[in-house]
Protein chains: 2
Amino acid sequence: MPGFQKSDTLEILLYAAEELFAKQGFDGTTLRDITGLAGVNLAAAHYHLGNKEALYIKVFTRRLQPINESRLARLARAEQEANISLVGMEQLIEIMARPLFELAADTQHGGQYFARILGRCLVEPLPFMEAIITAELQPVMARFGQALRRHSPQLAPEEYLWRFSFVIGAMHHSLATLHGMKVRTHGICRDHDAAAALQRFIPFAVATFTAPVKPEPVNNR
Amino acid sequence: MPGFQKSDTLEILLYAAEELFAKQGFDGTTLRDITGLAGVNLAAAHYHLGNKEALYIKVFTRRLQPINESRLARLARAEQEANISLVGMEQLIEIMARPLFELAADTQHGGQYFARILGRCLVEPLPFMEAIITAELQPVMARFGQALRRHSPQLAPEEYLWRFSFVIGAMHHSLATLHGMKVRTHGICRDHDAAAALQRFIPFAVATFTAPVKPEPVNNR
DNA sequence: GTCTATAGACGGATAGAC
DNA sequence: GTCTATCCGTCTATAGAC
């Protein structure tokens, strides 16, 4: 966490909450855990945030909104520069994924914890987060989904959506587990290595969308 | 849930726990939720299972162990039949993935709920589950990882591990979200459609491992 | 804005009758 | 094996002094 000066109670709370929510989940984290780590009084947390759900939402949107704005801005700029031709697939995927992987690599300012929260959010459905995800996350994903779609007109809609789902799944899984890569790979991959992850993720995603169609259904067994 | 006859209290409890743990997570589910859904007395649950963590572990291993045994048996048989040549990539991935996707499609006997639990387990780390995952899940994953590795000797170890991680991530994400595909795709894909998922997942995984290596690091922006 | 103190509900777990 | 009743700790949230 960066250095705080005056009365940044709210900021300190958000950083502590981010870390614990990422590690333990929403239901596994108590306000006492958070205020304890933050060194803030329990009642003060309620004063600043109202309740636990509002705290979680604040942790979520505080990071996601600026990232989404910058991603959409970069996308719009790239499309403008490409004029009537298409923005390259590599570039589309890079614009979509880089800010997230870089966040996952940020071990100094808590970005890594937000990346883990984001990686979890599609898989552990918190009822009160449904509206937030629909409003903040889905439109941006859909925007990139549409842009990538133009590169894969040969794919049937269902085929394309499955592949897009695999790519998004791989990305969220990576965001949630970029810490811990070292242990899982017995030291071969490093933890929080955004550059390595991105360098592999971009061609991986391109290969997913450009792979030929398997016409006949699976016939094994 | 299937029809129970005599005093299948334990079984009823496991089905109810499976459903609620999948939907709400471990910390988000109370024993009272579970016994309420199961129609079983709270004290009876403790009598049969000891405590909440033991219940979760039981829910987890009860499904996973037989699946892993059958997957390893099929793999061993396929390797024997292939003699000194390699088992095909398609077949390897099919052996690894099919039982899980079929479970995710089982809306009659609760298999779908276990698939969601499995899909969550890599991304939401429960401290008491670490040992179980290391003992029950990792060895099987490693076994398939090794078998697939022989098809990709051209990939550097790090490169291979990243791709394997993407494939596993896509699979777990799919398992956790195979319900809800219809809403997310605006009706184009169906829910719990194991056949469709598998038909796309297998070539997707093959394409991931056979994609050419991008030599130079990403240079965009 | 920050604190102490506490309300009020709910959590997992158990004792002991049947 | 199953039940009622209950213990006891912890939770979120708030009231009210400073």
Side-chain angles (χ1 to χ4, degrees), chain A residues 1 3-60 62 117 124-132, chain B residues 1 3-60 62 117 124-132:
Chain A
M1 308 184 194
F4 299 104
Q5 43 269 42
K6 359 179 181 176
S7 172
D8 299 297
T9 305
L10 181 63
E11 284 291 293
I12 298 174
L13 275 171
L14 290 174
Y15 278 101
E18 186 169 57
E19 176 173 346
L20 293 175
F21 283 144
K23 289 179 177 170
Q24 309 173 349
F26 178 76
D27 291 308
T29 303
T30 70
L31 287 177
R32 282 174 168 80
D33 289 341
I34 295 168
T35 54
L37 176 63
V40 166
N41 186 276
L42 176 63
H46 276 99
Y47 170 81
H48 283 284
L49 286 149
N51 62 37
K52 191 182 170 185
E53 293 188 357
L55 171 55
Y56 192 90
I57 292 172
K58 191 83 182 173
V59 164
F60 193 81
R62 157 182 91 128
I117 291 176
E124 53 179 20
L126 296 168
F128 69 90
M129 283 295 290
E130 228 175 276
I132 309 289
Chain B
M1 308 183 193
F4 299 104
Q5 44 269 44
K6 356 177 183 176
S7 172
D8 300 297
T9 305
L10 182 63
E11 284 291 295
I12 299 174
L13 274 170
L14 290 174
Y15 279 100
E18 186 169 58
E19 176 174 346
L20 292 175
F21 283 145
K23 289 179 175 170
Q24 306 172 352
F26 178 76
D27 292 307
T29 304
T30 71
L31 287 177
R32 284 174 169 84
D33 288 341
I34 295 168
T35 55
L37 176 62
V40 166
N41 186 275
L42 175 63
H46 277 100
Y47 170 82
H48 283 284
L49 286 150
N51 61 38
K52 190 181 169 185
E53 293 187 358
L55 171 56
Y56 192 88
I57 292 172
K58 191 86 181 168
V59 164
F60 193 80
R62 154 181 94 127
I117 291 175
E124 53 180 20
L126 296 168
F128 69 91
M129 283 296 289
E130 229 175 278
I132 310 288

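Because only heavy atoms are used, hydrogens play no part in the values below, and waters and symmetry mates are left out as well, while side chains stay in. Here is how names work: the chains are called A, B, and so on, in the same order as the sequence lines, proteins then strands, and each is numbered from 1. Everything numeric here is computed off the predicted structure, so don't read it as measured data.
No side-chain heavy atom of B/Val40 sits less than 4.5 Å from a side-chain heavy atom of B/Ile34. Contact check for A/Leu55 versus A/Phe21: side-chain heavy atoms found under the 4.5 Å cut-off. Taking 4.5 Å as the limit, some side-chain heavy atom of A/Ile117 sits within range of a side-chain heavy atom of A/Tyr56. Counting heavy atoms from C-beta on, the side chains of B/Thr30 and B/Leu20 never come closer than 4.5 Å.
For A/His48 and D/dT14, the NE2 to C1' distance is 16 Å, given to the nearest whole Å. Taking atom CG of residue A/Asp27 and atom P of nucleotide C/dC10, one finds them 15 Å apart after rounding to whole Å.
When all heavy atoms are compared, the tightest approach of A/Leu31 to A/Leu42 is CB-CD1, 3.8 Å.
Contact between the side-chain N/O atoms of B/Thr9 and the OP1/OP2 oxygens of D/dT2 is found at a separation under 4.0 Å. For A/Asn41 and C/dT4, the shortest distance from a side-chain N or O to OP1 or OP2 is below 4.0 Å.
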Per-nucleotide protein contact along nucleotides 12-18 of chain C, 5' to 3', at a 4.0 Å heavy-atom cut-off (B base, S sugar-phosphate only, - neither), is BBBB---
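Of the listed residues (A/Glu19, A/Lys23, A/Gln24), just one forms a side-chain contact (heavy atoms from CB on, under 4.5 Å) with A/Asp33, and that residue is A/Gln24.
In this structure, A/Phe128 and A/Phe26 have tilted ring planes: the angle between them lies in the 30° to 60° band.
For the helix from C/dG1-D/dC18 to C/dC18-D/dG1, the terminal axes (five pairs an end, C1' atoms, rotation from four pairs onto the next four) enclose an angle of 0°, given to 10 degrees.
Here the straight-line distance linking atom CD of B/Glu124 with atom CE of B/Met129 works out to 10.0 Å at 0.5 Å rounding.
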